[in-house]
Peer 1: 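Sending over a structure as structure tokens; questions will come in a sec.
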Protein chains: 2
Amino acid sequence: MKKITLKYIAKELNIAPSTVSKALNGYSDVSANTKKKVVDLAKSLNFSPNTQAAFLRTRESKIIGVVIPHISHPFFVNVVKGILDSAEKKGYLIIVLKSNESYDLEKKLIEKLLKQNVDGVFISLAQDTYDLKHLEAVKKAGVVLIQYDKISKILESSKVVVDDRNSGYLATEHLIKNGCRNIVHFRGPLLPQVSIDRFLGYKNALEDYNLIFDPKKVITSNKMTDKEGFRLMNDFISKKIDFDGIFSMSDYTAIGALESLKKHNLLVPDDIKVVGFSNWLLTDKLTPSLSTVNQPGVLMGNKCFELFLKEVNSKKKKIKFKYEKKIFKTNLIIRESSSLK
Amino acid sequence: MKKITLKYIAKELNIAPSTVSKALNGYSDVSANTKKKVVDLAKSLNFSPNTQAAFLRTRESKIIGVVIPHISHPFFVNVVKGILDSAEKKGYLIIVLKSNESYDLEKKLIEKLLKQNVDGVFISLAQDTYDLKHLEAVKKAGVVLIQYDKISKILESSKVVVDDRNSGYLATEHLIKNGCRNIVHFRGPLLPQVSIDRFLGYKNALEDYNLIFDPKKVITSNKMTDKEGFRLMNDFISKKIDFDGIFSMSDYTAIGALESLKKHNLLVPDDIKVVGFSNWLLTDKLTPSLSTVNQPGVLMGNKCFELFLKEVNSKKKKIKFKYEKKIFKTNLIIRESSSLK
DNA sequence: TCACAATTCGAAATCGATTTCGTTACAAAT
DNA sequence: ATTTGTAACGAAATCGATTTCGAATTGTGA
């Protein structure tokens with residue numbers, strides 16, 4: 001069981017390792033003849049250069065680190081899938097790490113990735129990320145940074161997002177058009193831009209349809225879990241404020257809210273109509289099935305890699321480069337929880 | 001922005017790189033004095049050795065590849081979590097790849113991991129994996145192989161599984177004790193051991209309780225999706241065979257079956273009682289909520305890494321080594337879908 | 001005082017691939 | 001015939017860390 005190296009191939013063909021390397025890497029100072037011999041032998045031996053050794057010279061690890069806040073969230077699963085599909089074709093390996101929405105963990109993960117000499121870091125920020133030094137460090141290290149979904153407005157890099165504001169608007173408008181006049185909004189933590197934008201969409205829709213915006217009807221949920229949704233909904237109901245619709249920035253909290261409504265004998269969609277966000281797995285199997293906003297995760301993942309590659313290539317060729325921001329449209333999936341009948 | 005290397009530290013302290021290396025790696029031929037100087041400076045510079053360069057000599061990449069069949073399956077998410085938590089402490093990085101239950105893809109993934117020179121491969125086999133050459137190759141390459149959940153009986157390695165047979169038995173017994181006399185079994189594809197074992201548990205339970213085992217009541221589902229469960233259940237119902245319970249080897253097919261039952265106006269749990277497998281996310285939110293078998297994924301992940309480390313260490317010290325097989329117990333989660341009332 | 005052992009350190013080889021630069025051989029140009 | 005140019009290849013340095021082996025220094029015992 002011999003290890004197959006450049007040197008081995010060189011010896012077999014009685015030429016120098018440098019020539020073998022050049023033949024395999026498309027240098028021009030190799031004759032067509034020897035090039036063919038090398039390529040053929042390499043293929044037949046199933047040779048591929050040792051990535052670690054190659055890295056020492058090229059500084060390319062062909063590894064990309066992807067940071068996601070959750071793993072159970074199907075949207076992120078789709079994004080990863082999109083990245084994977086694109087990256088695979090170019091021979092990149094993907095390391096997925098999850099931050100659990102924690103800034104501290106996120107910082108550690110980034111350090112880990114930099115130690116591993118990844119070529120790129122794709123990140124969706126944790127909820128409580130307030131400081132961006134760790135991401136500045138990524139750029140300083142010459143590593144390509146791509147932000148997706150939960151991005152920072154301040155930090156420069158290429159970005160891939162959905163139109164959260166418009167999505168919030170559409171969801172709310174849908175509720176209004178189906179007769180809701182008193183719509184509660186479950187918003188996320190105050191910091192992340194997605195949370196702000198979805199909220200603004202909600203608010204704008206109310207204004208456009210001449211409904212009064214009432215801050216008391218905005219429930220801020222920091223944890224975004226079913227339990228939290230259940231708890232907060234119970235609290236809200238106990239305040240006896242009239243409402244006939246809910247737009248939640250997450251399906252998961254919406255599901256908790258649904259449980260609370262059931263407990264209080266409020267019928268969905270008859271008494272209260274509900275729209276969530278992100279189209280979680282099995283939300284179509286609930287009773288009632290949950291209306292939601294669907295984000296094109298796979299396409300977003302594809303785009304992330306595309307922007308990454310563009311940046312890598314311009315760096316190699318030392319071409320000037322401009323950050324891009326791609327905004328994807330979402331689509332509303334209307335199910336039982338917000339239907340008219 | 002200078003890169004911090006061994007050489008740099010050596011120059012700073014006016015000693016040789018080799019001495020620095022030895023100081024950091026606990027060699028005995030370094031004086032306590034110089035050792036302290038080196039360690040202190042290294043710490044203050046936040047130095048950590050370049051992993052790729054170190055690999056060239058040590059042949060340790062400190063990377064583990066984990067192959068899972070699905071990503072949306074919460075059980076596997078838990079296993080990965082368990083591996084991650086353990087591996088992190090020892091400075092290992094985890095690459096998670098998913099095979100989509102495809103043998104061809106699985107083979108490619110393994111090749112990819114070997115090219116990356118991972119130290120270990122943890123794998124749960126794809127449904128249709130019939131050939132094991134790619135896994136033999138892992139062992140031949142000197143890479144530690146750990147099999148978990150869907151394992152091969154033939155291939156030698158350390159293994160981490162649950163007692164599938166007993167789990168199938170308990171689930172079926174539970175249905176019997178709650179009054180079921182005609183229990184349908186959704187089994188998975190014929191090949192994987194988990195599929196066989198869960199089926200055998202089902203069969204054994206019937207026999208122990210003097211119920212007739214009827215092959216016609218065993219529905220083989222190759223795809224294990226909700227759609228497939230729905231389709232197969234419809235087919236089965238159209239055959240007009242009496243039944244009052246279902247034990248499904250997967251929650252996902254069980255959910256499809258539930259939809260079919262609803263469509264045919266069969267009440268759960270009144271007319272039919274249902275038990276699934278794996279405790280998928282949100283199965284507790286369904287109406288009725290789904291009874292299921294819970295596997296201790298996190299603990300299994302922990303164990304995988306423990307066995308890996310044991311093997312690595314004995315290889316280093318050239319101690320004799322014996323493969324271990326750890327069998328975990330499952331627990332039945334009884335919810336509405338199989339309750340008496 | 002001398003022989004020898006223990007301690008501490010450094011020089012150099014090594015891992016495997018890449019890349020610069022120099023050398024050869026031969027053809028074309030003068 | 002001599003110079004120039006080009007195609008094709010190889011020698012050697014390099015990336016950053018590890019590790020073997022030998023050298024220098026110090027200490028120990030006879």
Side-chain angles (χ1 to χ4, degrees), chain A residues 1-39 41-42 45-63 91 114-117 119 141-142 316, chain B residues 1-39 41-42 45-63 91 114-117 119 141-142 316-318:
Chain A
M1 189 67 192
K2 234 189 119 39
K3 239 179 310 164
I4 295 160
T5 64
L6 261 195
K7 215 191 279 181
Y8 176 77
I9 293 184
K11 227 167 245 166
E12 285 291 299
L13 296 175
N14 245 332
I15 56 180
S18 48
T19 308
V20 176
S21 173
K22 285 190 239 179
L24 292 174
N25 290 320
Y27 279 68
S28 60
D29 59 345
V30 180
S31 71
N33 187 24
T34 56
K35 178 167 177 172
K36 186 174 159 32
K37 280 198 294 186
V38 170
V39 170
L41 182 58
L45 290 174
N46 194 24
F47 167 80
S48 69
N50 182 306
T51 49
Q52 279 89 350
F55 170 82
L56 276 186
R57 297 282 335 213
T58 61
R59 293 286 135 183
E60 274 198 309
S61 64
K62 294 277 185 176
I63 299 181
L114 290 184
K115 271 189 194 167
Q116 265 297 324
N117 298 310
D119 293 341
K316 266 193 212 166
Chain B
M1 190 67 193
K2 232 187 121 39
K3 237 179 311 164
I4 295 159
T5 65
L6 260 194
K7 214 192 280 183
Y8 175 79
I9 293 184
K11 226 168 245 167
E12 285 291 298
L13 296 175
N14 247 331
I15 55 179
S18 48
T19 307
V20 176
S21 173
K22 285 191 241 180
L24 293 174
N25 289 319
Y27 278 67
S28 59
D29 60 344
V30 179
S31 72
N33 187 23
T34 57
K35 177 166 179 175
K36 185 174 161 29
K37 281 197 294 183
V38 170
V39 170
L41 183 58
L45 291 174
N46 195 24
F47 167 80
S48 69
N50 182 306
T51 51
Q52 279 88 350
F55 170 83
L56 276 185
R57 295 284 333 214
T58 61
R59 294 287 135 182
E60 275 197 307
S61 63
K62 293 275 185 180
I63 299 180
L114 289 183
K115 270 187 193 168
Q116 264 298 324
N117 298 308
D119 293 342
K316 266 193 212 166
K317 297 176 192 162
K318 302 191 177 174

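Residue numbering restarts at 1 for every chain, and letters A, B, ... go by the order of the sequence lines. Values reported hereafter were calculated over all heavy atoms of this structure, with side chains retained and with hydrogens, waters and symmetry mates removed.
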Peer 1: Work out which heavy atom in L56(A) is nearest to a heavy atom in A53(B); give both atom names and the distance.
Peer 2: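 Scanning both residues, the minimum pair turns out to be CD2-CB, 3.8 Å.
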Peer 1: What is the distance, rounded to the nearest whole Å, between atom NZ of K115(B) and atom C1' of dA17(C)?
Peer 2: 16 Å
Peer 1: Measure the distance from CD on E60(A) to C1' on dT19(C) and round it to the nearest whole Å.
Peer 2: 15 Å
Peer 1: Below 4.0 angstrom from OP1 or OP2 of dT18(C), is there any side-chain N or O of K22(A)?
Peer 2: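 No, no such contact exists.
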Peer 1: Looking at R59(B), I'd like to know whether one of its side-chain N or O atoms comes within less than 4.0 Å of OP1 or OP2 on dT14(C).
Peer 2: no
Peer 1: How long is the straight-line distance from CD1 of I63(A) back to CD1 of I63(B), given to the nearest 0.5 Å?
Peer 2: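 The distance works out to 5.0 Å.
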Peer 1: Does a nitrogen or oxygen in the side chain of T34(A) sit under 4.0 Å from OP1 or OP2 of dC9(D)?
Peer 2: yes
Peer 1: Mind listing the closest non-hydrogen atom pair of L6(B) and P17(B) along with its distance?
Peer 2: CD1-O, 4.1 Å
Peer 1: Is the count of non-hydrogen atoms from other residues, nucleotides or ligands lying under 6.0 Å from K62(B) atom NZ greater than 12?
Peer 2: yes
Peer 1: Whole Å only: how far is the CD atom of Q52(A) from the C1' atom of dT18(C)?
Peer 2: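 Distance check: Q52(A) CD to dT18(C) C1' gives 15 Å.
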Peer 1: Tell me what F47(B) touches on the nucleic acid: a base, only sugar-phosphate, or nothing, going by heavy atoms under 4.0 Å.
Peer 2: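 Counting heavy atoms under 4.0 Å across all strands, the contact made by F47(B) is with sugar-phosphate only.
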Peer 1: Counting side-chain heavy atoms from C-beta on, which of dG16(C), dT18(C), dG16(D) comes nearest to K3(A)?
Peer 2: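 So the nucleotide nearest the side chain must be dG16(C).
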Peer 1: Provide, to the nearest angstrom, the distance between the CD1 atom belonging to I4(A) and the P atom belonging to dA17(C).
Peer 2: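 So the CD1-P distance, I4(A) to dA17(C), works out to 10 Å.
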Peer 1: How long is the span from the NZ atom in K37(B) to the OG1 atom in T34(B), to the nearest 0.5 Å?
Peer 2: 6.5 Å
Peer 1: If you assign each of L56(B) and K35(A) to its closest nucleotide in DNA chain D, which residue comes earlier from the 5' end?
Peer 2: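 Result: K35(A).
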Peer 1: Could you state the CG-P distance from L6(B) to dA11(C), rounded to the nearest angstrom?
Peer 2: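 After rounding, the reported distance stands at 15 Å.
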Peer 1: Expressed as a whole number of angstroms, how long is the span from K62(B):NZ to dA17(D):P?
Peer 2: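 Taking NZ of K62(B) and P of dA17(D), I get 16 Å after rounding.
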Peer 1: Establish whether the base of dA11(D) is bridged to the side chain of S18(A) by a donor-acceptor pair shorter than 3.5 Å.
Peer 2: yes
Peer 1: So does T19(B) get a side-chain nitrogen or oxygen closer than 4.0 Å to the phosphate oxygens (OP1/OP2) of dG10(C)?
Peer 2: yes
Peer 1: To the nearest 0.5 Å, what is the distance between CG on N117(A) and CD on Q52(A)?
Peer 2: 10.5 Å
Peer 1: Do V38(B) and L13(B) make a side-chain contact, defined as non-hydrogen atoms from C-beta onward lying under 4.5 Å apart?
Peer 2: yes
Peer 1: Of the candidate nucleotides dG16(D), dT18(D), dG10(C), which contains the atom at the shortest distance from the side chain of P49(B)?
Peer 2: dT18(D)
Peer 1: Whole-Å distance between dG16(D) C1' and K7(B) NZ?
Peer 2: 8 Å
Peer 1: Can you tell me how far C1' of dG16(D) sits from CD1 of I9(B), to the nearest Å?
Peer 2: 12 Å
Peer 1: Expected output is a numbered-order residue list: members of residues 23-31 of chain B with a heavy atom under 4.0 Å from any atom of DNA chain D. What is it?
Peer 2: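 Heavy-atom cutoff 4.0 Å gives N25(B), Y27(B).
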Peer 1: Looking only at N and O atoms, is any donor in the side chain of R57(A) or the base of dT14(D) less than 3.5 Å from an acceptor on the other one?
Peer 2: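 Counting by modelled atom types and ignoring angles, a donor-acceptor contact under 3.5 Å is found here.
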Peer 1: Minimum heavy-atom separation for D119(A) to R59(A), with atom names?
Peer 2: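 Taking D119(A) first and R59(A) second, the nearest heavy atoms are OD1-O, 4.0 Å.
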